[in-house]
Student: 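Sending over a structure as structure tokens; questions will come in a sec.
What you are looking at is a predicted structure, and each value in this text was computed from that prediction instead of being measured.
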Amino acid sequence: MAKLLGVTVLPEYIQSEGIEGVLGNLSDIGANAVATSPYLMQEADRNTGQREPPADADAGSVRLLDRPLFGKREVWVTTAPSFTPDLQLYAGLRYRPSVPTDLTREQGHILRDFIGAAHDAGIKVYFQVQAAIPPGYRVQFGGPVESDRARLPDGTIPERRLAKNGSLASPHILAYEHALIRDLLQNYPDLDGLRVDWPEYPPYFLDSAFLDFGYHAEREAERMGFPFERMRRDVGGLYAKLHGGLTDADLEPWALDGDGGRYHLLRLLSDFPGVGAWLRFKAALVEDMIRGFRETMDEAGGQSVELLPNAFPPPWTIVSGMDFRRVARHSSAISCKLYTMHWPMMLRFYGDQILQANPGLSSELLAGALVNLLDIADDSGLGSVEAYSYPPPDVPHPVGPSAQARKIRQAQRDAGDTPVYVLAHGYGPLEDFRKRLQVARDVGSHGYWVNRYAYLSDEKLSVIREVGV
């Protein structure tokens, strides 16, 4: 079986460059798969639209599109569904699909035309949808109501967020997602697969790693037999330790000891036993979500349609709930993200919050501890928390190739016989991109995706062709 070489081409580029233009580029680099999404896009002004590319909680405002969209490298946009939803599927649900607009009626045929043309070119077509962001077509548009949002141990909602995910325990979000799956398979029966994004708790901020203690999560914990009050108490205790109880002496084993802090991690888990139960609980929520998606697809006549969850890489998967061992049972394959521009941003987010909560704490020790804990470097990393940031377009990502390889190997070991596709990001300098692709090629035994076409200049397309699978 040929290795996968796929590219994420969101529909605005099909509109902007045309079906033949996009498929010509994909065929030229040897791609045999493409992922897009069931929406359409048009330009708007800054007051009514969202920035493309996304600003990623303002940290990513430095990035521009490598491929001009509608002739621009930075553009404000609005979206509309690419199809007319079957409202009967959503009857009685809290969440409703986006309302079709004139854009839907005028250009809704484009994605159906694209699917047919891609198949003629020997290219499989997948739709990427959001797992827990109704209406689910695109990351930046939509989100849950407050009662369906995930919460911290003290019951509050984090102030900062990059992902608009709701609680994976919310029956309202799950019911909507099941209806959306049925709707998509009904409207696009020729799809080869669904690629589900963020079917986990994306840990972009430190607070995001300490979810979920909301009402829906409590009900699910009771149903599954997890000790919710112990989890709340122990996770809250660990959160408090990081927010006012941390000293340099706590960091030294993580930053300086040769074992990378493994001994102290085990001590930490023994001090807070409810943390382990909470991590297993989140993994159970994620598995239930993926299992439900697969069952819904099968019930809707999509037994042959592949299900590909997108996933953070280890060790973030421990706190996100994405246990490859569990999810692999219900997935055709799993796409593991090498979004290396996010990793220094996340370290900085974590570090800034911890330093602010613990005055006098050493930034140098904290940076070393986080680099070891997150395993993002092949050396000691940068010298301080402040040295990390979202890399501008022309700056290589401060992430080691061996660290990237370790994450993919760990993911595949956990997934067993279920293929793990590397999901490499196209953002960044040309040679840095080439090195990332070489890791994806050499370590990803089943192939890789490149995300996204928006960051693939003609030179980067040539690199993909040169690196191959």
Side-chain angles (χ1 to χ4, degrees), residues 3-8 29-30 60 63 66 203 255 258-262 310-318 322 324 333-348 350 367-383 387-415 419-452 455-457 459-469:
K3 282 188 173 183
L4 180 137
L5 199 173
V7 180
T8 307
I29 63 173
R63 65 180 182 179
D66 281 350
D259 74 343
R262 285 187 292 273
N310 287 351
F312 272 79
W316 279 289
T317 46
I318 301 297
M322 178 56 69
F324 286 87
I334 305 171
S335 301
C336 186
K337 298 176 179 177
L338 291 185
Y339 289 7
T340 51
M341 73 287 189
H342 283 165
W343 301 355
M345 173 192 78
M346 293 163 71
L347 186 150
R348 178 64 180 270
Y350 301 168
L370 289 173
V371 165
N372 284 337
L373 181 64
L374 301 176
D375 189 22
I376 63 172
D378 296 339
D379 53 21
S380 59
L382 305 182
Y388 285 92
S389 64
Y390 199 112
D394 58 346
V395 173
H397 305 171
V399 173
S402 295
Q404 297 174 56
R406 287 192 294 272
K407 295 178 185 302
I408 299 305
R409 291 193 183 102
Q410 182 62 62
Q412 186 63 76
R413 280 194 293 268
D414 282 352
V420 170
Y421 297 136
V422 182
L423 184 50
H425 209 285
Y427 175 75
L430 187 66
E431 290 309 309
D432 196 48
F433 172 67
R434 184 191 301 274
K435 292 176 182 177
R436 196 155 51 248
L437 280 196
Q438 289 169 340
V439 171
R441 178 199 62 197
D442 296 342
V443 182
S445 56
H446 298 282
Y448 61 87
W449 290 96
V450 182
N451 199 66
R452 297 187 283 143
Y455 302 109
L456 301 182
S457 61
E459 291 80 8
K460 286 182 178 177
L461 289 174
S462 296
V463 167
I464 299 174
R465 184 174 57 251
E466 294 164 9
V467 171
V469 291

Student: What distance do Y448 atom OH and L338 atom CG have between them, rounded to the nearest 0.5 Å?
Tutor: 12.0 Å
Student: Looking at F433, Y427, W343, which one forms a side chain to side chain contact (heavy atoms under 4.5 Å, CB included) with H397?
Tutor: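 Answer after filtering F433, Y427, W343: Y427.
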Student: Evaluate the criterion side chain to side chain contact (heavy atoms under 4.5 Å, CB included) for residue pair V443 and V422; output intermediate values, then yes/no.
Tutor: CA-CA 8 Å; V443 182; V422 182; 5.7 Å; no
Student: As an exercise, state the distance from CH2 of W316 to CG of L373, rounded to the nearest 0.5 Å.
Tutor: 9.5 Å
Student: Return yes if some donor-acceptor pair links the side-chain N/O of R452 with the main-chain N/O of T8 below 3.5 Å, else return no.
Tutor: no
Student: Could you tell me the separation between the CG atom of L370 and the OH atom of Y350, rounded to the nearest 0.5 Å?
Tutor: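 Answer rounded to 0.5 Å: 9.0 Å.
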Student: Does K435 reach the main-chain N or O of P401 with its side chain, forming a donor-acceptor pair under 3.5 Å?
Tutor: no
Student: In Å, rounded to the nearest 0.5 Å, how long is the span from CZ of F312 to NE2 of H342?
Tutor: 8.0 Å
Student: For the CD atom of Q412 and the OH atom of Y421, what is their distance to the nearest 0.5 Å?
Tutor: 10.0 Å
Student: Kindly say whether V463 contributes a backbone atom to a donor-acceptor pair with the side chain of R434 at under 3.5 angstrom?
Tutor: no
Student: At their closest point, which heavy atom of P396 faces which heavy atom of P391, and how far apart are they?
Tutor: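 Taking every non-hydrogen atom into account, O-CB, 4.5 Å.
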Student: Between H425 and N451, is there a donor-acceptor pair closer than 3.5 Å when you use the side chain of the first and the backbone of the second?
Tutor: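 Yes; at least one donor-acceptor contact below 3.5 Å.
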Student: Indicate the atoms forming the closest heavy-atom contact of G426 with K460, along with that distance.
Tutor: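 Here G426 and K460 meet closest at O-NZ, 2.6 Å.
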Student: At their closest point, which heavy atom of V399 faces which heavy atom of T340, and how far apart are they?
Tutor: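 Looking at all heavy atoms of both residues, the shortest contact is CG2-O, 3.8 Å.
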Student: Would you find a donor on one side and an acceptor on the other, under 3.5 Å apart, between the side chain of K407 and the backbone of P313?
Tutor: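 Not confirmed, K407 side chain does not pair with P313 backbone.
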Student: Looking at every heavy atom in both P314 and C336, which two are closest together, and how far apart are they?
Tutor: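 Shortest heavy-atom separation between P314 and C336 comes out as CD-SG, 4.3 Å.
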Student: Between R406 and D378, does the salt bridge (charged side-chain N to carboxylate O under 4.0 Å, His left out) criterion hold? Intermediate values first, please.
Tutor: CA-CA 10 Å; R406 287 192 294 272; D378 296 339; 3.8 Å; yes
Student: Going by heavy atoms in the side chains, are L423 and Y339 under 4.5 Å from each other?
Tutor: yes
Student: What closest approach, in Å, do P398 and L382 show between heavy atoms, and which atom pair accounts for it?
Tutor: CB-CD1, 4.2 Å
Student: Which heavy atom of D375 sits nearest a heavy atom of A403, and at what distance?
Tutor: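 That closest heavy-atom pairing would be O-CB, 3.5 Å.
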Student: So V420 and D414, side chain to side chain contact (heavy atoms under 4.5 Å, CB included) or not? Walk me through it.
Tutor: CA-CA 10 Å; V420 170; D414 282 352; over 6 Å; no
Student: What distance separates L461 CG from I29 CD1, expressed to the nearest 0.5 Å?
Tutor: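 Output value for this atom pair is 5.5 Å.
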Student: With no hydrogens and no angle check, do the side chains of R441 and Q438 hold a donor and an acceptor under 3.5 Å apart?
Tutor: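 No, because no side-chain N or O of R441 sits under 3.5 Å from a partner of the opposite role on Q438.
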